[in-house]
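When a residue number appears, it is its place in the shown sequence, counting from 1. Remember, it's 1-based here, ligands and their atoms both numbered in the order they're listed.
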Amino acid sequence: MASRLLCLGLVSVLLAYYIYTPLPDNIEEKWKATLLDVTFRSLGHVSNFAELLGIKHYMDVMMFLTYAENTEPTSDENVTVTDTLFNNVPVRLYIPKKSTEALKSGVIYIHGGGWCLGSAAMKPYDLLSRRTAQKLGAVVVSIEYRLAPRFQFPTQFDDVYTVVKFFLDKTILNKYSVDPDRVAVAGDSAGGNLAAAVAQQLLKDPEVNIKLKVQALIYPVLQDLDLHTPSYQENGKMPLLSSNLMVRFWCEYITTDRRLCEAMLSNRHIPLEAADLFKFVNWSSLLPEDLKKNHIYSPQFGHSEFVKKYPGILDERVSPLLAKDEQLKGLPLTYVITCMYDVLRDDGFMYVSRLKKMGVQVVHHHYDNTFHGILLLNNWPLDFQIAHHIEERYLNWLKENL
Ligand SMILES: *[C@@H]1O[C@H](CO)[C@@H](O)[C@H](O)[C@H]1NC(C)=O
Ligand SMILES: *[C@@H]1O[C@H](CO)[C@@H](O)[C@H](O)[C@H]1NC(C)=O
């Protein structure tokens, strides 16, 4: 009895400890956000613990969320949904049923989850793709790329690029009645990273003649050079994406060598020899004043072993912000979403600055009252009003511009 009471007491104290992590006052639906934060962080702790005991890899436990939200491809009255292969890569296809137009628009969607988690079949993504197809009358191709830790860079990028190239072909577009002048690539978080990388890569690919009309980057990950930007420093403990988890995603994407994680955590994974690249992520010049606050810009350097062993760290397909100015020219009309309480906020802002400087048309919607991953919270029991609001604005914009 006494030991049970003691257990209960301990659990209560632990819970209280979780719950009392204060969130900013202006966070929308703060109570729900706190509950979400507690639950998600608990799962993180369970994952850490399971890994520590050698039972399961951290990401294998975290994948529980992805499996729990798995959906079968189910058509409804408006959209036909099927799972199929595009050049051997699995995709989930959404085709609107009642199409008034002879030719439809096309949206290639890339889900998030830090290159390690998530799935096109996850309920939040399934709902988003379905509503995209319905609202825009668009054919949506949602890509089921392979994930880390089983697969590292460039597998994720290659899977996505394979699908994009397969789709951006006259015969295929014709088969699905998609207008070659109205194709977009879109993605959130790590999916936004892959979308941005794909859009850049297409510009230098002589085999693809069809141009994207739009890239939509939803709170994207865009660089691994500086993991201590003001947003990393300020939002490291915000809901859904802590700075520790983001660093873990980064190193899992690149290698199974856990020493890279440690170096990245202290932001000492880039050697002095690569100092020149910091101009592309110089938040001192690329961020608006109100986000810099009183942070001091001082890049840090470490041993050169990591970039030698894992050149992916400095690859533009991994960090689209490392593309040279010239390579940004010619990118399509760009839509960017950023959230205030997100470690990746500054990645988004810096890309917006650089794209605008190079004459790319950019529409940037910044939300100062919410956190990373909010678009996933679009269904019971975690249904956030603001998720619907952001989604609606995004889809309205896409409908008008695609
Ligand atoms: C199908 O579209 C109609 C009209 O837009 C809408 O009212 C209905 O809710 C949609 N059905 C589903 C299952 O989403
Ligand atoms: C970053 O930008 C500031 C100006 O805002 C400049 O003084 C500094 O030298 C730049 N640093 C790098 C590494 O480019």
Side-chain angles (χ1 to χ4, degrees), residues 71-82 92-101 104-105 107 109 120-140 142 222-233 267-302 304 307 313-314 316 319-328 346-347 349-358 375 378-380 383 387-388 391-396 398-400 402:
T71 61
E72 292 302 313
T74 313
S75 302
D76 63 33
E77 54 190 305
N78 303 317
V79 185
T80 306
V81 184
T82 47
R92 184 165 284 193
L93 259 185
Y94 299 80
I95 299 179
K97 279 184 179 165
K98 50 165 195 247
S99 165
T100 46
E101 299 168 84
K104 307 175 184 77
S105 55
V107 176
Y109 196 83
M122 252 178 109
K123 187 147 190 197
Y125 288 120
D126 186 69
L127 285 172
L128 177 62
S129 296
R130 201 175 282 276
R131 290 198 280 251
T132 307
Q134 187 178 317
K135 188 156 184 168
L136 278 68
V139 170
V140 177
S142 188
L222 293 167
Q223 56 92 23
D224 66 356
L225 217 59
D226 186 352
L227 305 178
H228 278 184
T229 59
S231 58
Y232 267 94
Q233 293 182 49
N267 208 28
R268 292 185 180 276
H269 52 294
I270 306 294
L272 192 60
E273 298 93 284
D276 194 39
L277 293 175
F278 274 89
K279 63 177 179 285
F280 298 131
V281 295
N282 185 348
W283 51 260
S284 175
S285 60
L286 293 170
L287 280 189
E289 289 302 323
D290 60 324
L291 295 183
K292 281 192 263 179
K293 294 194 185 149
N294 38 23
H295 294 285
I296 307 293
Y297 186 72
S298 65
Q300 288 169 326
F301 301 99
S304 61
V307 298
I313 295 172
L314 302 180
E316 296 133 35
S319 291
L321 256 169
L322 297 189
K324 295 176 188 62
D325 284 348
E326 286 307 305
Q327 294 172 267
L328 302 180
D346 297 348
D347 283 23
F349 269 90
M350 288 194 283
Y351 205 41
V352 167
S353 287
R354 290 198 55 208
L355 291 176
K356 281 185 173 166
K357 239 181 245 169
M358 294 319 290
L375 273 191
N378 62 4
N379 69 101
W380 189 88
D383 205 357
H388 293 282
E391 179 187 298
E392 196 176 328
R393 255 184 113 198
Y394 156 63
L395 290 181
N396 284 341
L398 209 51
K399 190 177 164 72
E400 266 169 39
L402 184 64

Quiz item: Of the listed options (R131, K98, K97, E77), which comes nearest to atom 13 (C) of ligand 1 when hydrogens are ignored and any heavy atom counts?
Solution: E77

Quiz item: Less than 4.0 Å between a side-chain N and a carboxylate O, is that true for D290 and K293?
Solution: no

Quiz item: Which atoms of ligand 1 are found less than 4.0 Å from any heavy atom of N78?
Solution: 1 (C), 2 (O), 3 (C), 8 (C), 10 (C), 11 (N), 12 (C), 14 (O)

Practice problem: For ligand 2, find out whether one of its N or O atoms is nearer than 3.5 Å to an N or O atom of N282. | Solution: yes

Quiz item: Backbone N or O of L321 within a donor-acceptor pair of the R354 side chain at under 3.5 Å?
Solution: yes

Quiz item: Can you tell me if N378 and D383 form a side-chain donor-acceptor pair at under 3.5 Å?
Solution: no

Quiz prompt | Atoms in ligand 2 flagged as close to K279, the criterion being non-hydrogen separation under 4.0 Å | solution = 14 (O)

Quiz item: How close does the nearest protein non-hydrogen atom get to atom 4 (C) of ligand 2, and which residue and atom is it?
Solution: S284 OG, 4.1 Å

Practice problem: Record the part of Q134 in heavy-atom contact with ligand 1 below 4.0 Å; permitted values are side chain, backbone, both and neither. | Solution: side chain

Exercise. Take R92 and D126 through the salt bridge (Lys or Arg N to Asp or Glu O under 4.0 Å) test and state the conclusion after the steps.
Key: CA-CA 9 Å; R92 184 165 284 193; D126 186 69; 3.3 Å; yes

Exercise. Would you confirm whether any non-hydrogen atom of the protein falls under 4.0 Å from atom 9 (O) of ligand 1?
Key: no

Quiz prompt | ligand 1 atoms in contact with D76 (distance to a heavy atom under 4.0 Å) | solution = 13 (C)

Quiz item: Would you say E289's side chain and K292's backbone share a donor-acceptor pair under 3.5 angstrom?
Solution: no

Quiz item: Does the ring center of F278 lie less than 6.0 Å from the ring center of F301?
Solution: yes

